[in-house]
**Q** 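Input: one structure, supplied below.
Residue indices begin at 1 and follow the sequence shown. Computed from heavy atoms alone, side chains included, the values below leave out hydrogens, waters and symmetry copies. Treat the numbers as computed from the prediction; the structure is a model and nothing was measured.
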Amino acid sequence: MVIVLDGKYIMEFYKIINQKDKKSKCFFSVLIILLISAFFLLLYRQNHVQNTAEDSSVIVYLVRHGQTEANVEGVLVGGDSDSMLTDEGRLGAEALGYMLSDVSFSCAYSSELGRAISTREIILSENKYVDDCCKTEELPGLNDISWGDVEGLSIEDASQLIPDLSEDTVFGTISDRDFVSPIHAESKYDFYHRFQDAMTQIVTNKENQNRNVLVVTHSAMTFWLMEVFDDKTLSSVDNASVTIIKYTDGEWELISFNQIP
């Protein structure tokens, strides 16, 4: 919307007013003031809406849970089983929580698995603003990828069942929608799309606009990160690490990767 106030027309209008009686002059003066006020109000509202749209973004603090007993023992624990945090895992989550203690989160999400929920709660226990506005929610789309038939086995035992044990032989590739795992594991294709749906749900939530959100999940999030930021060289994420990403109008920006306290 464009409004132009031409000085020539204002002067002509002013001459007309001077030809009127006092009552008419008063009426026209008030009218001019109202018109000018309305103009500036419209200009402010237009600019305010535009700035809000341009600045609309969500900062996601994407965290891998703290160290678990399964991590120490070399046991394959994914989306179909759980493992408790070790003492070191809890300390790592506390340290990360302290590092993020000055960040005000609109919501703190996690997977449905206990190791992620525990890590989220420890991080929030260190946060200065958690009592003000932070909500918590578990999303199944954030769950770890399933290892299928070797879930709960040691890496050595799993290797005996499938000698060429590797990511691609177990999970396939993200682009292969027809992949069938020989050990009935979840495919990368399926994992990526459910994880993407969960992340989209988070960043498009109106309550999270122009805010920070905490998302606690699992090492499999690296599959999603590598696909979204395929122009960058990324490795697996550490326990109790945070990767910070920004979402704006359908675009993801990697701010920092795999930071640990």
**Q** Return the CE to OG1 distance between M226 and T222, rounded to the nearest 0.5 Å.
**A** 6.0 Å
**Q** Rounded to the nearest 0.5 Å, what's the gap from CG on N71 to OG on S83? Could you check?
**A** 7.0 Å
**Q** Using modelled atom types and a 3.5 Å cut-off, is there a donor and acceptor pairing between side-chain atoms of S81 and backbone atoms of V77?
**A** no
**Q** Output the distance between atom CD (E207) and atom CZ (R211), rounded to the nearest 0.5 Å.
**A** 9.5 Å
**Q** Between F229 and F257, does the ring pair (Phe, Tyr, Trp, His ring centres under 6.0 Å) criterion hold? Intermediate values first, please.
**A** CA-CA 11 Å; F229 303 107; F257 177 73; 9.0 Å; no
**Q** Salt-bridge test for R115 and D144: reply yes if a basic N is under 4.0 Å from a carboxylate O, no otherwise.
**A** yes
**Q** Taking the side chain as every heavy atom from C-beta outward, state whether V63 and L214 have any pair of such atoms under 4.5 Å apart.
**A** yes
**Q** Would you check if the distance from the ring center of F171 to the ring center of W147 is below 6.0 Å?
**A** yes
**Q** Show the nearest heavy-atom pair for residues V58 and V203, with the distance to one decimal.
**A** CG2-O, 3.5 Å
**Q** Would you name the heavy atoms of F179 and V170 that are closest together and state the gap between them?
**A** CE2-O, 3.4 Å
**Q** Would you say the side-chain atoms of D238 pair up with the backbone N or O of S241, donor to acceptor, closer than 3.5 Å?
**A** no
**Q** Checking side-chain polar atoms at under 3.5 Å, does Q209 have a donor or acceptor matched by the opposite partner on S56?
**A** yes
**Q** Does a side chain donor of either S110 or R120 reach within less than 3.5 Å of an acceptor in the other side chain?
**A** yes
**Q** Centroid separation under 6.0 Å, is that true for the rings of F195 and F223?
**A** no
**Q** Is there a side-chain contact between C134 and L124, using heavy atoms and a 4.5 Å cut-off?
**A** yes
**Q** Does G78 offer a backbone N or O that forms a donor-acceptor pair with the side chain of E151 under 3.5 Å?
**A** yes
**Q** Measuring only between side-chain heavy atoms, which start at C-beta, is V215 closer than 4.5 Å to I202?
**A** yes
**Q** Below 4.5 Å, heavy atoms only, C-beta onward: do K232 and L254 meet side chain to side chain?
**A** yes
**Q** To the nearest 0.5 Å, what is the distance between OG on S146 and CD on E186?
**A** 6.5 Å
**Q** Against L62, only a single residue in N258, I244, V216, T217 fulfils side chain to side chain contact (heavy atoms under 4.5 Å, CB included); can you say which?
**A** T217
**Q** Tell me whether N143 contacts the main-chain N or O of G79 through its side chain, where contact means a donor paired with an acceptor under 3.5 Å.
**A** no
**Q** Regarding D197 and R194, does a basic nitrogen lie under 4.0 Å from an acidic carboxylate oxygen?
**A** no
**Q** Between T119 (side chain) and G66 (backbone), is there a donor-acceptor pair under 3.5 Å?
**A** yes
**Q** Can you measure from CG (D80) to CD1 (I145) and round to the nearest 0.5 angstrom?
**A** 10.5 Å
**Q** Could you check whether any side-chain heavy atom of I245 comes within less than 4.5 Å of a side-chain heavy atom of I59, counting everything from C-beta outward?
**A** no
**Q** Check this for me, if you would: do K188 and D168 make a salt bridge, where the nitrogen-to-carboxylate-oxygen distance has to be below 4.0 angstrom?
**A** yes
**Q** Ignoring hydrogens and geometry, is there a side-chain-to-backbone donor-acceptor pair from R64 to V237 under 3.5 Å?
**A** yes
**Q** Where do V75 and G152 come nearest, in terms of heavy atoms and distance?
**A** CG1-O, 3.3 Å
**Q** Classify the side-chain pair N127/S101 by whether it contains a donor and acceptor separated by less than 3.5 Å.
**A** no
**Q** Would one find more than 12 heavy atoms of other residues, nucleotides or ligands at under 6.0 Å from atom CD of E88?
**A** no
**Q** Any side-chain donor paired with an acceptor under 3.5 Å for Q67 and T86?
**A** yes
**Q** Within the distance-only criterion (no hydrogens, no angle test), does the side chain of Q201 pair as donor or acceptor with the backbone N or O of G141 below 3.5 angstrom?
**A** no
**Q** Nearest 0.5 angstrom please: H218 NE2 to F191 CZ, how far?
**A** 8.5 Å
**Q** Grab the two heavy atoms, one from L165 and one from I155, that are nearest each other, plus how far apart they are.
**A** CD2-O, 4.3 Å
**Q** Under 3.5 Å, side chain of T136 to main-chain N/O of A108, donor-acceptor pair present?
**A** no
**Q** Could you pull out the closest heavy-atom pair between Y189 and D176, with the gap in Å?
**A** CB-O, 3.6 Å
**Q** Under a plain distance cut-off of 3.5 Å, with no hydrogens placed, do S154 and D157 share a side-chain donor-acceptor pair?
**A** yes
**Q** If you measure only the distance, is there a donor-acceptor pair under 3.5 Å linking the side chains of H65 and S118?
**A** no
**Q** Where is the tightest heavy-atom contact between T243 and S256, given as atom of each residue plus distance?
**A** CG2-O, 3.3 Å
